Amino acid sequence: MNQSVTKALQLLDYFIEHPELTLAELSELAKMPKPTAFRLISSLEAGGFLVKTRNSSHDVKYRLGLKLLELGTCVADQMDYRKVALPYMQQLNRELNEAVHLAVLDGEEATYVEKVEGQNYIRLNSKVGGRLPLYAGSAPKLLLAFLDQERIDEILEKRQLQKFTENTVTDKIKLLGELEKIRKQGFSYTEAEFYADIAGFSFPIRNHRGDVIAALVVSAPIHKFTKENKVRIKEEMKKTASSISLEMGYKGDAKSVSAK
């Protein structure tokens, strides 16, 4: 890489920890002469990567420009989470030999957007494009749990909780308690809440802001979720969800945990 480009990118890195910097401060941080720093800063300013903030003729500082926001938005938009997730879902499917889904929030429902079918003889009654209410099943509950509380209350206030199976939770107070548990433990597990005799684990997929953008789901007949198998499934799913989130730009624990 051209040495000047490398030095210019180095200057941009200093703004990660410092919202505004003067020429002198940048020169000191980069350990480069002021004329060199000024030349690079001028090029970055011309390209929209830096902008001046001027309080007086002797008080000039620089901050990151909107060009970086534009480019960052393009990167985020171009990262199709389904394309990112699919190879990991296929690997998880090979490890567990169970159906693996990816579900997202769509209005006030959860929608399956990707599926890798299990190799056993039992075929789950689920399909890409299938929609579920946000209060029944591991993926819908996980997506609901990571919404803002105000949004959760709004959805539950106007939604009649229908009973699909004997295990469907229709008591809103009990449901709120389960959502709190999901947030604390970081995953969701349900048994026969929407489909009879089917259980499922769901783990959150996060983006670069820490927002929950999807749920990684493993579903199987309840009898296959033995105590030992549950431990194995949770471990593999946690690793897989973390890997997908990492590729989506997630850096670790984040303040923002809302589902988008």
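Remember, it's a predicted structure, so these values are computed and weren't measured experimentally. Residue numbers run from 1 in the order of the sequence given.
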Would you call R82-E114 a salt bridge at under 4.0 Å N-O?
no

Give a yes or no on whether the ring-centroid distance for F164 and Y195 is below 6.0 angstrom.
no

Check whether any side-chain heavy atom of E20 sits under 4.5 Å from a side-chain heavy atom of L64, and report yes or no.
no

Any idea which heavy atoms bring G65 and V51 closest together, and the distance?
CA-CG1, 4.1 Å

K158 bridged to E108 by N-O distance under 4.0 Å
yes

Tell me whether the count of non-hydrogen atoms from other residues, nucleotides or ligands lying under 6.0 Å of NZ in K181 goes above 12.
no

Does L29 offer a backbone N or O that forms a donor-acceptor pair with the side chain of Y14 under 3.5 Å?
yes

At their closest point, which heavy atom of E117 faces which heavy atom of A99, and how far apart are they?
OE2-CB, 4.0 Å

N167 side chain to E191 main-chain N or O, any donor-acceptor pair under 3.5 Å?
yes

Check: D106 side chain, T111 main-chain N or O, donor-acceptor pair, under 3.5 Å
no

Can a side-chain donor-acceptor contact be found between S138 and S202 if the only test is distance below 3.5 angstrom?
yes

Could you check whether E154 pairs with R151 (Lys NZ or Arg NE/NH1/NH2 to Asp/Glu carboxylate O, under 4.0 Å)?
yes

Restricting to non-hydrogen atoms, name the atom on L102 and the atom on A85 that form the minimum distance, rounded to 0.1 Å.
CD2-CB, 3.9 Å

Please determine if R209 forms a cation-pi arrangement with Y250, meaning its NZ or CZ atom is less than 6.0 Å from the six-membered ring centre and no more than 45° off the ring axis.
no

Between the side chains of Q162 and Y135, is a donor N or O closer than 3.5 angstrom to an acceptor N or O?
no

Pairwise distance NZ(K52) to CD1(I41) - rounded to 0.5 angstrom
9.5 Å

Minimum heavy-atom separation for L216 to A241, with atom names?
CD2-N, 3.8 Å

Can you name the nearest heavy-atom pair linking G137 to E193, along with the distance?
N-OE1, 3.1 Å

Derivation of the ring-ring contact (aromatic ring centres under 6.0 Å, His included) call for Y62 and F15:
CA-CA 9 Å; Y62 297 88; F15 288 91; 7.8 Å; no

